[in-house]
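Read through the structure below, which is laid out as structure tokens, and then see the notes.
Heavy atoms only: backbone and side chains are in, while hydrogens, waters and symmetry mates are out.
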Amino acid sequence: MSPHRLATIRRYKISNDVLILILENMDPDTLYLTSKVFRRVYVLAMEFFPLRYKYELALTGMKSGAISSRHGPPFPARFNLLLSYRTDWPVIKWGHEQKAQLSLLGNVDITDGFIHYVAAHGVELMELPSSRTGKPPSQTRHVRIPTAPRVECVALDSTQTLIVTGHVLASPNQIDVLLKIRDMWTFNKHKESVSDHYSFFASPAPGTALPSIRVAICGDKLLVRLEYEGTNSRTEQLLINWKTLHAARLAKQDILFLDQDHILVVEKTNDGPSLFVYNVRNVQQPVPKRQFQLPDAWKNSVINFHKNDAPRTDIPGNSTALFYSDPARRLLMLSARPSAHSKVVNWMMFPERLLGSPCLRGASVAWNDWCQYVIVRNTASTHLVGEPAIVGTRVLYLDQDPSGAKMRINAINFAPHSDAAETSQALWDFVGKYTPLVPTEAKREISPVGRDGSKLQDLRATEDNIVLLYERTNGHMPIKILTFGAPSGSSSPR
């Protein structure tokens, strides 16, 4: 046979330069998965900084902020910082520790990297340090906002420069609630609101008081939670469009924002407790969209959500954040207590995006049809201190031994692309067959008391910090700020 008639197969090898150009257009997850399949792609990703950076983003569950050649650190510094976040957070290894004393009279919380609390004169905002946003401790801001009457609660949205303060105005015959809707830097009327305040009449039953109000912000919506105590204790919630001041009262057990046009609520039905997704684009006409039944064992439980402090949407292009938690990977967590005062609590966790997943069909989804995508934590043997904090794919909480002599910071990390769980299976009541959540756990012992003898009572967390809250004494609360993200060492990629 003539050699000219033989079939030949020719394979053209793509040069590294061309292949790198192709890989640079992949999103982090696609690059990671391609690296798992093709050894050559993996080698290039390990050697070339922009690709290695994307690879680490995928492992960390982060998204990259705006990359500019004129502003911000070069890729090696950005990569080292990301690597320190990925390695230090799961083992609770912080690089900087700062103590502070808050002079407060009431509510204290953390939102968007700010501690905000009620002080004697009004409100104080204390910015937390962050290596991601270029805010070392020496450059953080501390703002004092004098306002009257007495502030009961504060809510903040720094991306909209919005601050909302809640005030209770009691009179012999009724209780009025005043919300001030202001610019967080000037405390003047916010430019997008039709008014600088909104007031309404609280509707308590006889024999009740209103000791607690809380406000949450999501886009153009406010959620106001009123907790009445007394002989007729109950909870009432209002949904308000702060730009137009349209509002509606909602009688639900608990409510969580999914985005500015959708809320997730806990409701008790004839078939047992359920989660309902409502469209609230028009706050005065909430429209139920989907129902997710909860386990029958929770029929008589008190069910509450735990807010996730990671961003719900991509951050604005003008943000200085080098990277941030991927909104598509947000963890949703709710707790179920047999009674309001029970110390036994179960935590259910699942990806927030599951609620819109095409794998779950129909307007009403039975528990048996979606339970295989969740994971349930058993805390019966855990001596919890305070409340858990959730940031992105990470859960942090305090616990102590029965004697109270030792206390620990605990971290449950559900990092993407984890191959095996490093956790005690005995702590999980249920692990769904199809759940994408693979837990990796760590703990670090910490003193249960501060240097002044005050007891550690709770923690809060951001993408950059753990904030330890100690018991108040004479109107003062000691806090300790543990900051992550100090890069160390160097790496070999070019």
### Task
Would you confirm whether the ring centroid of Trp370 sits within less than 6.0 angstrom of the ring centroid of Phe350?
yes
So, [X] side chain and [Y] main chain: donor-acceptor pair closer than 3.5 Å or not?
X      : Y      : result
Asp112 : Ser158 : yes
Thr161 : Met184 : no
Arg86  : Glu56  : no
Asn465 : Pro129 : yes
Lys135 : Ser130 : no
Gln160 : Gly219 : yes
Ser84  : Leu81  : yes
Gln372 : Lys433 : yes
Asp458 : Glu387 : yes
Thr382 : Leu384 : no

Under a 3.5 Å cutoff, is there a donor and acceptor pairing between the side chains of [X] and [Y]?
X      : Y      : result
Asn304 : Asp254 : yes
Thr235 : Glu227 : no
Thr159 : Asp157 : yes
Tyr470 : Gln101 : no
His142 : Thr140 : no
Arg408 : Tyr397 : no

### Task
Given side chain to side chain donor-acceptor pair (under 3.5 Å), test His197 with Ser199 step by step and report yes or no.
CA-CA 7 Å; His197 71 279; Ser199 60; 5.0 Å; no
Please examine the side chains of [Y] and [X], heavy atoms only from C-beta on, and report whether any two atoms are closer than 4.5 Å.
X      : Y      : value
Asn378 : Trp347 : no
Glu445 : Met407 : no
Ile115 : Leu125 : no
Val108 : His116 : no
Leu250 : Leu238 : no
Val143 : Val123 : no
Lys289 : Phe276 : no
Arg472 : Ser454 : no

### Query
Does the pair Lys307 and Asp109 meet the rule for a salt bridge (charged side-chain N to carboxylate O under 4.0 Å, His left out), with working shown?
CA-CA 12 Å; Lys307 72 171 184 174; Asp109 209 343; 3.6 Å; yes
Write down the atom of [X], the atom of [Y], and the distance for their closest heavy-atom approach.
X      : Y      : value
Ser301 : Ala297 : OG-O, 4.1 Å
Glu127 : Gln139 : OE1-O, 4.3 Å
Thr60  : Pro416 : C-CD, 4.1 Å
Trp367 : Val374 : CH2-CG2, 3.8 Å
Gln237 : Lys252 : NE2-O, 3.2 Å
Ile217 : Phe257 : C-CE1, 4.3 Å

Between [X] and [Y], does at least one N-O distance fall below 4.0 Å, as a salt bridge requires?
X      : Y      : result
Asp183 : Lys189 : no
Glu124 : Arg144 : yes
Lys180 : Asp196 : no

With a cut-off of 3.5 Å and sequence neighbours excluded, list every side-chain donor-acceptor pair involving residues 319-332.
from	atom 1	to	atom 2	distance (Å)
Ser319	OG	Ala321	N	3.1
Thr320	OG1	Thr133	O	3.2
Tyr324	OH	Asp314	OD1	3.1
Ser325	OG	Glu463	OE1	2.7
Asp326	OD1	Ala328	N	3.0
Arg329	NH2	Asp29	OD1	3.0
Arg329	NH2	Asp29	OD2	2.4
Arg330	NE	Glu352	OE1	3.4
Arg330	NE	Glu352	OE2	3.3
Arg330	NH1	Asn308	O	3.4
Arg330	NH1	Ala310	O	2.5
Arg330	NH2	Glu352	OE1	3.4

For residues 149-156, which side-chain donor-acceptor pairs fall under 3.5 Å, sequence neighbours excluded?
from	atom 1	to	atom 2	distance (Å)
Arg150	NH2	Leu105	O	3.4

### Query
Does Trp298 have Arg337 sitting over its ring (NZ/CZ under 6.0 Å from centre, angle to axis within 45°)?
no
### Rounded distance (nearest 0.5 Å) linking atom NE2 of His246 with atom CD of Gln285
11.5 Å
### Query
In Å and rounded to the nearest 0.5 Å, what is the CD1 to NZ distance from Ile92 to Lys443?
9.5 Å
### Task
Anything under 30° is parallel, anything over 60° is perpendicular, the rest tilted; go ahead and classify Trp242 against His190.
perpendicular
### Query
Step by step, would you call Glu441 with Arg377 a salt bridge (charged side-chain N to carboxylate O under 4.0 Å, His left out)?
CA-CA 12 Å; Glu441 302 197 37; Arg377 178 79 164 191; 2.6 Å; yes
### Task
Only one of Asp220, Asp259, Asp261 passes salt bridge (Lys or Arg N to Asp or Glu O under 4.0 Å) with Arg281; say which it is.
Asp261
